[in-house]
Protein chains: 2
Amino acid sequence: MSTTNNADRIFHAIADPTRRAILDRLRAGPVNAGTLADGFSQSRPAISKHVRVLRESQLVVETRIGRERFYEVNPIPLQTVAGWLEGYRAFWQVSLDRLKRNLEDK
Amino acid sequence: MSTTNNADRIFHAIADPTRRAILDRLRAGPVNAGTLADGFSQSRPAISKHVRVLRESQLVVETRIGRERFYEVNPIPLQTVAGWLEGYRAFWQVSLDRLKRNLEDK
DNA sequence: ATTTTATGTATCTAATTAGTTACATAATTG
DNA sequence: CAATTATGTAACTAATTAGATACATAAAAT
């Protein structure tokens, strides 16, 4: 995924349920890699790889303290998603009306 | 992707840039399959498959008229995404403060 | 009735991905 | 300094995916 733009990277990052779960866990506060992995049934390396994807999309920030690495959420990239959704919010009512009309026509 | 829940299906559906582009196109109003595909550089079957994924996630609704099939956006499932994001909105300010503090500590 | 048109499905392939176990590296501790 | 601990990376595998081309089906037009 080398020629991938920012938005793609972000949407891809949050597409995986484990990665969303990691973000949700980190929302409670920063934890080190080991503690984070303990909360999941997958192997530590598997979680490590998910965290890497999250870091590459900037959704997670790493802080190294000694040999430990703490991870925390950076919500900024989620604004990209929020912005995309926004384009549908305006559409919301109008489209529901149309959908309803279409369904009534049957 | 049989044992996939609703949210997973939705996040997965919007993860693909072509599928997001399809949704964005459909936001302008319903079109039939052929017209839709004409707007893309991929083959018609490729687009057809993307539309299927979008339909399975309920983001797109199909209406058959004669031999044509019209597609339109159903924004409702996007509420799932909006809801998930919402959990981060509250977190927004607090986490940015913390991030800022952490960065200042270096 | 035959041909054309609109569109989905089958099949196959190349690329990507999520997971695993084994290994490497760098701090800490005794 | 040797042993332990925290953690990422390498290598490999199985599953999933996006895309292409060829084919099937059904409606519409001649």
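Order of the sequence lines fixes the chain letters, A, B, ..., with proteins taken first and strands second; residue numbering starts at 1 for each chain. As a basis for the values below, the full set of heavy atoms in this structure was taken, side chains included, without hydrogen atoms, waters or symmetry mates.
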Rounded distance in Å - CG (Asp16(B)) to C1' (dT17(C)): 14 Å
Atom pair CD (Gln79(B)) and CG (Leu85(A)), whose distance is rounded to the nearest 0.5 Å: 10.5 Å
Interatomic distance where CZ belongs to Arg9(B) and C1' belongs to dT17(D) [whole Å]: 16 Å
In one Ile/Leu/Val/Met/Phe/Trp/Tyr side-chain cluster, 4.5 Å: Val51(B), Val53(B): no
Nearest heavy-atom neighbours spanning Ile10(B) and Ser57(B): CG1-O, 4.0 Å
Nearest-neighbour nucleotide for the Gln42(B) side chain, dG8(C), dT21(C), dA20(D) considered: dA20(D)
Value in whole Å for how far the C1' atom of dT16(D) lies from CZ of Arg52(B): 15 Å
Reported OH-to-CG distance for the pair Tyr88(A) and Asp24(B), which is rounded to 0.5 angstrom: 3.5 Å
Neighbours of DNA chain C within residues 33-40 of chain A, by heavy-atom distance under 4.0 Å: none
Interatomic distance, Asp8(B) CG vs dT17(D) P [rounded to whole Å]: 11 Å
Sequence-aligned protein contact record of nucleotides 24-30 of chain D, with B where the base is within under 4.0 Å of a protein heavy atom and S where only the sugar-phosphate is: ---BS--
Contact summary for Glu56(B) and Arg9(B), nearest pair of heavy atoms: O-CD, 3.5 Å
Which atom of Ala15(A) lies closest to which atom of Arg20(A), heavy atoms considered: O-NH1, 3.2 Å
Nearest listed nucleotide, side chain of Lys49(B), among dT17(C), dT7(C), dT11(C): dT11(C)
Gap between atoms OH and P, on Tyr71(B) and dA6(C) respectively (whole Å): 14 Å
Short side-chain N/O contact to dT17(D) OP1/OP2 from His50(B), under 4.0 Å: no
Over all atoms of both residues, closest heavy-atom pair of Val60(A) and Leu23(A): CG2-CD2, 3.8 Å
Touch class at under 4.0 angstrom, heavy-atom based, for Arg19(B) against every strand present: sugar-phosphate
Phe70(A) CZ - dG8(D) P separation (whole Å): 12 Å
Contact under 4.0 Å: His12(A) side-chain N or O vs dT17(C) OP1/OP2: yes
Short side-chain N/O contact from Ser48(B) to OP1 or OP2 of dT7(C), under 4.0 Å: no
Rounded distance (Å) that lies between atom P of dA6(C) and atom CD of Glu62(B): 16 Å
Residue pair Arg19(A) / His12(A): nearest heavy atoms and the distance that separates them: NH2-O, 3.2 Å
Residue-phosphate contact under 4.0 Å: Ser43(A) side-chain N/O, dG19(C) OP1/OP2: no
Ile22(B) CD1 to His50(B) NE2 distance, which is reported to the nearest 0.5 Å: 6.0 Å
Gap between atoms CZ and P, on Arg69(B) and dT5(C) respectively (whole Å): 19 Å
Residue pair Asn32(B) / Phe70(B): nearest heavy atoms and the distance that separates them: N-CD2, 3.5 Å
